[in-house]
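First up is the structure itself, then whatever we jot down about it.
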Amino acid sequence: MRFVTNNLPEITPIITLVVDKKMNTQNIKRGLMTCAALLSIQAIIVTNTYGVGTVWSGRAEDTGGTGMKPLYDHVVEHNGEVFVAYSTGGTSNGDDTDYKIGHRNSSGVWTTTKIDDGEYDSGHTEPSLIADGDGYLHIFYDLHNSNLQNKYKRSNAPWSITSGFTADFPFTGDSSKATYPYLGKVSNGDIYMSIRVGPFGSTNRGYRTYHWDDSANTWYEKSMWLQENGYVPYIFDSYAEGNNVHYAFSWSVGGASAIRHTVGYARYDSTNNKYYKADGTEYSLPITRSSQDTVQGLLPGEVWSSATYGARALEVTINGSGQPCVLFNVPTDLAVLDDRNVRMGRWNGSSWVLTDVYTGGDHNQNKTAEFYYADGELRLIGELPENTKKFWRSTNNGVSWSSEDITTPYDFTSRANGVHVNGYDYIASGRGGIVYKIDPDGSGGGGGPSSVTLEGESQTWTSSDGVSNISDYVKVEANSSGDWGHFTSNIAAGTYTVKVVVRKSNSGGQWDFDLGGTNMGSIDGYSSTTTYVTMDMGSYTFSGGNVQFRFDCTGKNASASDFDLRIDKIILEAGSSPPPSAITMEGEDQSWTSSDGATDISDYVKVQANSSGDWGHYTKNITAGTYDVKVVVRKSNSGGQWDMEIGGVSQGSNIDGYSSTTTYVTVDMGSRTFSGGNIQFRFDCTGKNASSSDFDLRIDKIILE
């Protein structure tokens, strides 16, 4: 996909990858491969009173030493496995440091690989890690007035840290003076990386965005979007949901400084390549102090100077109503850096509403670990008060907060970050790449969903013809078929009955309702008299996280005077569905397609191969649910090594079909959530054991438990 606008022209890519991402890893011959220095240790299993749940914690390697200061995103979860980027070796600024990625598999075993050497700097150079839509890992690291071309690498295979990494960031120019990378992945798998560029000491540095186009395997460079001469901006957080990336930022005066002022907000819409304020007003670029959407302005007595401390942005997220929430801190004394209160700004549809979260006045500028929305509540992890680990919750969009102590061994030396997946929080911090997996309510994965009501007028809409909030409903405006409107909301994992309450009238149009890319049915908003109607749109299974609710106009009743749609609310009624029954797929009973043929032999199938790169697959209709995937393999002296892929996504670790004696082995490939319907099970040959006489794979059965 390629975006071109008058405001933000994309530059033609200098380097385009010429490799099919579905190729076998042994056939990918991209330069600058990184040797994989492997180290495996068992994770430490502990219990705590964080919520009422349990937690596992473990380091990718037991380095000890001074804690890192993770300013950026550096933990990724995939099917219960965790990847974390970290630095090790240096304890003081200027020390030599190794930058690494650790991988914790579903059995709890850590594997690590070194990405590169660098220079330790606890305030600037920690790594950023993200996976694109196909599972390739992208890492930025050691960036303090550094050249992006030398500080970026990408894995040579999906969800792999052992296949080698390639460095091919194509752009020169001001990307050679880069600091503070912030990453976000949108719904189509594209990545947007915003980073401050410009020479060290300059008073005209600003933020430029780079776009990884996942379908084209290419980076694009965009224009500067946050910049004002004489002032230096600081992005403190980015948050991606749907097609949007949200940013929170502050400013220093003259040059880089620990003294920052005000808190601003911006939303980038990847569908049209534009930046917006919370009220939907489009920014003219670059964004400056005077044009920013100000969440917190200058405090009483504060001036734009390097003599008085001001507010510092910390984190940004989206609440259950689709409204941006920005967390920041403010000094209790304008002359003191680290004596601070913590405050939250929430956009309520017409203005920013400020609420104090913590007013103890002893908060360190950087000791907020993570701020996010999950399972119907805003959550905050941090040292509030100072040196006291707390887990904070708000069930009313930040109006009020409750807190509880965290008593587990805890290594958040400064800010940390994490992801929320299927009811669990994965929080990363500390040297050696420590990761905590937390069950906040103690029920084993979030405790199941509660019913959700999304008021139409409370959502943050994007539309072709505008939306109007009218009393207790929203009017999605349309002039003809083809017009549209949508919003995004964070929904807890589970199966819900979806209902839309529509205000019908004589000017209502006909619309299709699309949920997370799935058509849920049609809505006719016309009635000769005004009436509210609840329409049952069927059931939908959410995997947990942000999902888009979209409405597309298809026309109107002949008697209707217009095409508009009036939505009172959308109701998601949670239902307890029984767990799916186990499924056993005998290998010899499937309809295989393969590069070298598949032979049914008695009670198994032999997927034939002559070399790495050969493959075989079949398709099966699977009932929605979460399963543990197991493959029963008949090992022999002619078995090869194969990767498994389900629905286009890598599953589990490599399967080695070789054994000096014939034996049946059950290989646990980890868990997988299916949305229901036909799914492809694919196996790709990656090579063979040196002692093996051939590359074949013999599958007895695949079990989904």
Side-chain angles (χ1 to χ4, degrees), residues 50-51 53 55 70-77 82 84 128-130 182-186 235-242 244-248 265 267 295 313-329 342-347 355 357-358 366-384 389-399 401-404 406 412 415-429 435-441 445-447 449 452 460 488-493 542-547:
Y50 186 114
V55 54
L71 298 176
Y72 323 114
D73 291 331
H74 64 292
V75 60
V76 174
E77 189 275 350
V82 176
V84 58
S128 299
L129 181 69
I130 199 167
Y182 285 92
L183 309 176
K185 179 171 67 176
V186 295
I235 290 179
F236 280 82
D237 193 30
S238 63
Y239 176 77
E241 50 83 27
N244 300 303
V245 185
H246 304 262
Y247 297 97
Y265 164 81
R267 172 177 63 87
V295 181
L314 292 173
E315 306 268 341
V316 62
T317 192
I318 300 297
N319 65 21
S321 298
Q323 300 163 329
C325 297
V326 178
L327 193 76
F328 55 96
N329 57 39
V342 176
R343 185 172 294 169
M344 190 194 82
R346 174 179 63 89
W347 181 256
T355 303
V357 178
Y358 175 73
N366 287 319
K367 289 199 173 180
T368 299
E370 184 68 358
F371 172 63
Y372 58 108
Y373 179 87
D375 296 338
E377 61 186 22
L378 284 166
R379 296 175 179 167
L380 167 61
I381 301 172
E383 297 194 2
L384 309 174
K389 283 70 175 177
K390 292 280 190 178
F391 176 45
W392 295 74
R393 307 174 189 254
S394 174
T395 58
N396 54 12
N397 286 331
V399 176
W401 293 81
S402 62
S403 68
E404 55 193 295
I406 302 173
F412 293 178
R415 294 177 64 192
N417 62 75
V419 293
H420 178 84
V421 182
N422 294 332
Y424 291 103
D425 300 329
Y426 297 83
I427 308 296
S429 182
V435 180
Y436 298 85
K437 178 185 178 183
I438 302 163
D439 174 9
D441 65 5
V452 178
T460 302
T488 298
S489 188
N490 190 302
I491 307 298
F542 295 82
S543 57
N546 291 301
V547 68

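Since this is a predicted model, take the numbers as computed values, not measurements. The first residue of the sequence shown is numbered 1, and numbering continues consecutively from there.
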If every non-hydrogen atom of [X] is compared with every non-hydrogen atom of [Y], which pair is closest and at what distance?
X      : Y      : value
Val357 : Trp392 : O-CZ3, 3.7 Å
Thr460 : Pro324 : OG1-CD, 4.2 Å
Ser128 : Leu183 : CB-CD1, 3.7 Å

Under 4.5 Å between any side-chain heavy atoms of Met344 and Leu380, yes or no?
no

Do the non-hydrogen side-chain atoms of Val82 and Val75 ever get within less than 4.5 Å of each other?
yes

So how far is it from [X] [atom1] to [Y] [atom2], rounded to the nearest 0.5 Å?
X      : Y      : atom1 : atom2 : answer
Cys325 : Glu315 : SG    : CD    : 12.5 Å
Tyr265 : Trp347 : OH    : CH2   : 10.0 Å
Leu384 : Lys390 : CG    : NZ    : 9.5 Å
Ile318 : His246 : CD1   : NE2   : 3.5 Å
Thr488 : Glu241 : OG1   : CD    : 4.5 Å
Arg393 : Ser403 : CZ    : OG    : 10.5 Å

Take Val245 and Val186 through the side-chain contact (heavy atoms from CB on, under 4.5 Å) test and state the conclusion after the steps.
CA-CA 7 Å; Val245 185; Val186 295; 4.0 Å; yes

Is the backbone N or O of [Y] less than 3.5 Å from a side-chain atom of [X], with the two atoms forming a donor-acceptor pair by type?
X      : Y      : answer
Ser238 : Tyr247 : no
Thr355 : Val399 : no
Asp237 : Val316 : yes

Between Asn319 and Thr317, is there a side-chain donor-acceptor contact under 3.5 Å, judged purely by atom types and distance?
no

Please work out whether the ring planes of Trp401 and Phe371 are parallel, tilted or perpendicular, with thresholds of 30° and 60°.
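Trp401 vs Phe371 ring planes: tilted.
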
When you look at Ile381 and Tyr372, which way does the side-chain contact (heavy atoms from CB on, under 4.5 Å) test go after all the steps?
CA-CA 9 Å; Ile381 301 172; Tyr372 58 108; 4.1 Å; yes

